[in-house]
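Below, read A as the first sequence line, B as the second, and so on, with proteins coming before strands; counting in each chain starts at 1. Just so you know, these numbers use all the heavy atoms, side chains as well, and skip hydrogens, waters and symmetry mates.
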Amino acid sequence: MSDTISSTHILDELEWRGLVQQVAGPDLREHLSRSRVVYAGFDPTADSLHVGSFIPLMTLRRFQQTGHRPIALVGGATGMIGDPSGKSEERNLLAEDVLHANVEGIQRQLRRFLDFSGPHAAVVVNNYDWMKEFSYLQFLRDIGKHAPLGMMLAKESVRARLESEAGLSYTEFSYMLLQGYDFVHLARTYGCTVQLGGTDQWGNITVGIDLARRLDGVQLYGLTGPLLTRADGVKMGKTERGAVWLDPEKTSPYAFYQYWINVADEDVGHCLRYLTELDAATIAELDAARAEAPHLRQSQKRLAEELTRIVHGEAGLAVARHATEIFFGAEIENLDDRSLSDIFADVPSRELPRTRLEEGLSLIDALVESGLASSKGEARRTIQQGGAYVNNIRRTELGTVLTPADLASESMMVLRKGKKRYALLRFPTS
RNA sequence: GGGGGGUUUCCCGAGCGGUCAAAGGGGUCAGACUGUAAAUCUGAUGGCUCAGCCUUCGCAGGUUCGAAUCCUGCACCCCCCA
């Protein structure tokens with residue numbers, strides 16, 4: 001194993017960021033003073049990772065950057081069971097084909113965050129690859145025999161569920177043993193000695209450590225980090241429209257960028273530490289700037305910028321920024337259909353025959369057709385009150401008639417009502 | 001079974017023969033302010049071919065020049081007595 005290790009000790013790095021919650025093993029600091037193999041698991045509950053997986057993902061990255069080798073495990077097998085940790089109810093099982101597609105999608109994404117070359121090249125594994133070899137009997141004889149029931153029953157995650165009305169099925173109960181065995185397998189195969197996870201993973205991690213000691217007589221280590229929550233305790237990464245995904249198809253770079261721009265002042269400090277790769281001095285400066293001039297929102301802007309760059313690249317960041325300018329009032333002109341659709345990906349759109357525009361479409365009708373106004377009366381009111389915009393230009397003339405000259409691109413027009421409500425009208429040529 | 005009260009525009013709630021598309025509040029929508037926050041302030045808030053017209057006040061009839069308002073019946077809700 002390579003000993004090229006960064007002068008920065010990973011634990012120091014994680015500690016100042018507040019990413020160390022609990023540590024398992026005799027002397028993790030000493031253990032990590034040499035290059036090690038570390039792993040974190042990701043649940044294939046969807047075909048993309050979301051913000052909830054962001055902390056472990058970035059933590060793996062930090063390990064790699066300080067000279068350790070990261071393994072990202074996708075739970076193709078464990079995903080068939082469902083992790084009961086922190087869940088109040090029995091989970092529904094995913095169909096196998098869905099699960100398979102999810103594993104593929106997540107593997108593809110993981111590759112964007114980790115470096116697969118060099119002395120500490122990352123590895124992506126799927127636990128289905130080794131779990132599928134096991135027969136039930138074999139698993140019971142080889143693994144189950146070494147898992148004391150008392151210890152497993154004592155786990156907080158199990159106790160909570162046993163006492164609840166929902167109860168806990170044998171299947172979900174077995175989950176921790178499967179994950180525990182993953183750790184054993186990775187230790188045997190890759191020399192992996194450290195497992196990372198959120199605080200909710202503590203129980204599963206310790207099962208693995210215990211199992212490895214009993215089966216192979218080796219000492220493994222565990223490290224849990226915080227969950228990404230807001231000051232009021234609500235999990236971050238959820239919006240009215242659903243989860244914030246890392247996949248640009250599911251959450252556009254613009255929407256992603258906006259999510260971070262809108263993080264509350266009291267949460268942004270944590271986010272900067274947990275999720276970005278900015279150094280301590282830079283973050284301290286941002287903290288100071290935020291205390292002094294909160295209205296400038298420098299922290300949020302920097303956060304959004306850093307994260308969008310990591311997740312969507314420079315190009316994605318550029319799109320997000322351009323979209324932001326436009327969304328906040330910049331006049332829309334000289335754009336093509338393609339970039340307009342990108343920018344307004346999340347905005348409702350409506351297609352109308354081109355002839356409507358060629359004949360002259362009244363602004364009142366356009367507002368109603370686009371769904372921005374529910375009646376002509378409302379449309380009229382909006383125009384009179386100065387709340388109607390075409391391509392971000394305010395139009396106050398009640399009798400305004402739109403023609404092909406008002407198109408923002410080849411075939412699209414951007415209507416806006418008030419500050420933020422947009423709608424796209426498309427007038428295809430054919 | 002008997003007696004009383006109620007049903008109003010998205011919600012709550014005033015109106016009790018014309019001046020009622022119907023007070024007030026909430027919500028919503030604009031505008032101003034602002035940090036893409038919160039609060040605040042201003043305006044709007046049935047529909048339309050919009051200085052006019054049409055449709056709304058539980059439902060169906062009736063009285064009247066004129067009804068959300070009066071009468072009759074029906075439906076539903078609440079309270080009191082049995």
Can you check whether A:Leu228 reaches A:His270 side chain to side chain, under 4.5 Å on heavy atoms? no
Examine distances only and state if a side-chain atom of A:Asn392 and a backbone atom of A:Ile326 form a donor-acceptor pair shorter than 3.5 Å. yes
Applying side chain to side chain contact (heavy atoms under 4.5 Å, CB included) to A:Lys417 and not counting sequence neighbours gives A:Leu372, A:Glu378, A:Thr382, A:Arg421
Report the distance from atom NZ of A:Lys301 to atom P of B:G35, rounded to the nearest whole Å. 10 Å
Among side-chain atoms of A:Arg426 and A:Ser349, is any donor-acceptor pair under 3.5 angstrom? yes
Under 4.0 Å, heavy atom to any atom of RNA chain B: which of residues 256-274 of chain A qualify? A:Gln258, A:Ile261, A:Asn262, A:Asp265
Using a strict 4.0 Å threshold on nitrogen-to-oxygen distance, state whether A:Arg309 and A:Glu305 make a salt bridge. yes
Under a 4.0 Å threshold between the charged nitrogen and the carboxylate oxygen, would A:Asp287 count as salt-bridged to A:Arg273? yes
For atom P, what is the distance between B:C53 and B:U42, given to the nearest Å? 33 Å
Spacing of A:Arg302 atom CZ relative to B:G35 atom P, expressed in whole Å: 22 Å
Where the side chain of A:Arg381 is defined as all heavy atoms beyond and including C-beta, which of B:U36, B:G31, B:A44 is the nearest nucleotide? B:A44
Hey, are A:Thr400 and A:Arg395 close enough side-chain-wise for a donor-acceptor pair under 3.5 Å? no
If you measure from the C1' atom in B:C80 to the same atom in B:C12, how many Å do you get, rounded? 26 Å
If the cut-off is 4.0 Å, is A:Tyr254 near the phosphate of B:U36, judged by side-chain N/O to OP1 or OP2? no
A:Asp115/A:Arg61 ion pair, N-O < 4.0 Å: no
For residues 284-298 of chain A, which residues have at least one heavy atom under 4.0 Å from RNA chain B? A:His295, A:Arg297
Distance check, C1' atoms only: B:A23 and B:A32, in whole angstrom units. 27 Å
Residues pairing under ring pair (Phe, Tyr, Trp, His ring centres under 6.0 Å) where one sits in residues 411-430 of chain A, two or more places apart or in two chains, turn out to be A:Phe327-A:Tyr422, A:Phe344-A:Tyr422
Let me spell it out: for each of A:Lys419 and A:Gly387, pick the nucleotide of RNA chain B with the closest heavy atom. Which residue's pick is nearer the 5' end? A:Gly387
B:G24 versus B:G15 - spacing of their P atoms, nearest Å: 14 Å
Please measure how far the C1' atom in B:G46 lies from the corresponding atom in B:C29, and state the result in whole Å. 15 Å
Once you round it to whole Å, what is the distance between C1' of B:U34 and CZ of A:Phe328? 13 Å
B:C11 and B:G17: how far apart are their P atoms, nearest whole angstrom? 26 Å
Counting side-chain heavy atoms from CB outward, which of B:C48, B:U45, B:G35 is closest to A:Ser375? B:C48
Whole-Å C1' distance, B:U19 and B:G1: 47 Å
Is the number of heavy atoms from other residues, nucleotides or ligands under 6.0 Å of A:Tyr274 OH greater than 12? yes
Between C1' on B:G46 and NZ on A:Lys376, what's the gap in Å once rounded to a whole number? 16 Å
Quick one, give me the B/S/- string for nucleotides 20-29 of chain B, reading 5' to 3', where B means a protein heavy atom under 4.0 Å from the base and S means that only happens at the primed atoms, P, OP1 or OP2. ---------S
Aromatic rings A:Trp260 and A:Phe256: how do their planes relate, parallel, tilted or perpendicular, breaks at 30° and 60°? perpendicular
Nearest whole Å is fine: how far is B:C48 P from A:Leu398 CG? 13 Å
Hey, which of these two, A:Gly386 or A:Gln300, hits RNA chain B nearer its 5' end, going by closest nucleotide? A:Gly386
Can you tell me, in whole Å, how much space there is between the P of B:C65 and that of B:G73? 24 Å
Dot-bracket pairing map - RNA chain B, Watson-Crick plus G-U, both contacts under 3.5 Å, | cross-strand: (((((((..(((.....[.....)))((((((.......))))))(((...)))...(((((..]....)))))))))))).
